[in-house]
Structures are given as C-alpha cells and as structure tokens.
Amino acid sequence: MKKMILTLLVALPMSVFAQKFAHFNSAEIIQAMPEYTAAQTEMQTQTKQYEDELTRMQNELRTKAEEYDKNAATMVDAVKQRREQELEDLNKRLQEYYQKSQQALQELQQTKLSEITEKVTKAVKEVGAAGGYVYIMDVTSGIPYISDTLSTDVTSQIKAKLGLK
C-alpha cells in the first residue's frame, strides 16, 4: 500500500508536466481562407453600390437645391414652400439611406466573419482533440508572451485541417 501511494505521489507531478499547450495565429489563417477573400470582395461590392446610390442622391439634392436657390426669388409662396419641403424630404431620405446602408454593411460583415470564425474554431477543436492539447491559445488575441519551448505552434495544422496552404 505504501508503495502504491509513493508511486502515485511520484507519478502525479509527472502527469502535470505531460500537459500539452499550443498556440496559433488566427489572422494568418483567416486571411489565407478563400471565404475571407470572397467576403472582402462582397463587402467591397456592397460598399460601392451604397456609395454610388448615396452619390446619386447627393447630386439630386444639390441639383434641386441649386435650382431652388436660382428661382426662389420669383416663386410663389405655395410653390416655394412645396420645394423647400421636397428638399427637406430628400435630405431626410438621404440620411436614412446612409444609416441603413451602414447597418446593412455591419450585419453583412458580422455574418461573413462569424461563418469564417466558426470554421476556424471547429478546426482548432479538431486539432486540439487529435493532438491531446489542454489549451490552444490565439496569439492575435493579445497574449503578451507564449513560450515556444512549452507551447506548440499549430497554425499550419489548422490550415491543413481547413485545406489551406
């Protein structure tokens, strides 16, 4: 019995040292993913469409405002008030469109990035389970120091799991 307890006391600290730790660079992995490139392209396309529409609306507002300014002195009060209301409405629509476009872009970005992040997280879990790691930490999350001798860089393994080079 004493031998068994002594063996356990000797083996227990060894099991603590046998724990494996790893780290990876999520930014490097995500930027290598074709989904990321596709998401960036889609975001740029959407942004361009929104910017074009905003520019069109701004040009329309500017043209109507210039026309109003040029003809305001000769307009009847009823026409003048109607044109002022049109300008205010157009300006309001422009502001609302800008806000909605910004919101839509943020939602698109969150959706695309969450899909990509889920894939990376799944791959990290698979690499962790296969390698028997206790922790796998992301170096891009601001960890001040990770020992290269006590922690294994599994970035390439995660990339391989995702089919990346």
Hydrophobic clustering (ILVMFWY, side-chain heavy atoms < 4.5 Å, transitive) - are L162 and V139 grouped together?
no
Under the side-chain hydrogen bond (donor to acceptor under 3.5 Å, both in side chains) test, residues paired with T149 that sit two or more places apart
S147
E66 CD to L61 CG distance, which is reported to the nearest 0.5 Å:
10.0 Å
Sequence neighbours left out, what passes salt bridge (Lys or Arg N to Asp or Glu O under 4.0 Å) with K48? Give chain and number order.
D52
Pair E118, K122 - check salt bridge (charged side-chain N to carboxylate O under 4.0 Å, His left out), show working.
CA-CA 6 Å; E118 285 175 22; K122 182 180 178 205; over 6 Å; no
For T74, what residues pass the side-chain contact (heavy atoms from CB on, under 4.5 Å) criterion, not counting sequence neighbours?
N71
Run H23 and T152 through side chain to side chain contact (heavy atoms under 4.5 Å, CB included) and show every step you take.
CA-CA 6 Å; H23 60 276; T152 306; 5.9 Å; no
Can you sort out the partners of Q40 under side-chain contact (heavy atoms from CB on, under 4.5 Å), two or more places apart, ordered by chain and number?
Y36
Out of curiosity, does I158 fall in the hydrophobic cluster containing V134 (side-chain heavy atoms, cut-off under 4.5 Å, transitive links)?
no
Partner set under salt bridge (Lys or Arg N to Asp or Glu O under 4.0 Å) for E51, not counting sequence neighbours
none
Share the residues that join Y50 in a hydrophobic cluster, the rule being Ile, Leu, Val, Met, Phe, Trp or Tyr side chains under 4.5 Å apart at the heavy-atom level.
M43, L54, M57, L94, Y97, Y98, L105, L108
In a table with atom names and distances, give each donor-acceptor pair under 3.5 Å that connects a side chain of residues 75-90 to protein atoms at least two apart or in another chain.
{"from": "E84", "atom 1": "OE2", "to": "Y68", "atom 2": "OH", "distance (Å)": "2.3"}
{"from": "Q85", "atom 1": "NE2", "to": "D89", "atom 2": "OD1", "distance (Å)": "2.9"}

Listed partners of A27 passing side-chain contact (heavy atoms from CB on, under 4.5 Å), at least two apart:
N25, T140
Hey, could you give me each pair passing salt bridge (Lys or Arg N to Asp or Glu O under 4.0 Å) that has a residue in residues 138-165? Not counting sequence neighbours.
E28-K159, E126-K161
side-chain hydrogen bond (donor to acceptor under 3.5 Å, both in side chains) against Q58, all qualifying residues, sequence neighbours excluded
none
Between OG1 on residue T117 and CD on residue E115, distance to nearest 0.5 Å:
10.0 Å
List the residues meeting side-chain contact (heavy atoms from CB on, under 4.5 Å) with I143, not counting sequence neighbours, and say none if there are none.
M137, S141, I146
Here's a test for you: under side-chain contact (heavy atoms from CB on, under 4.5 Å), which of V124, V120, I116 qualifies with I29?
V120
Rounded at 0.5 Å granularity, tell me how far CD in Q106 sits from CD in Q110.
6.5 Å
By the salt bridge (Lys or Arg N to Asp or Glu O under 4.0 Å) test, which pairs, at least two apart or in different chains, include something from residues 90-112?
E42-K112
Is the shortest heavy-atom distance from the side chain of L150 to the side chain of F21 under 4.5 Å?
no
Looking at E53 and R56, is any side-chain nitrogen of the basic one under 4.0 Å from a carboxylate oxygen of the acidic one?
yes
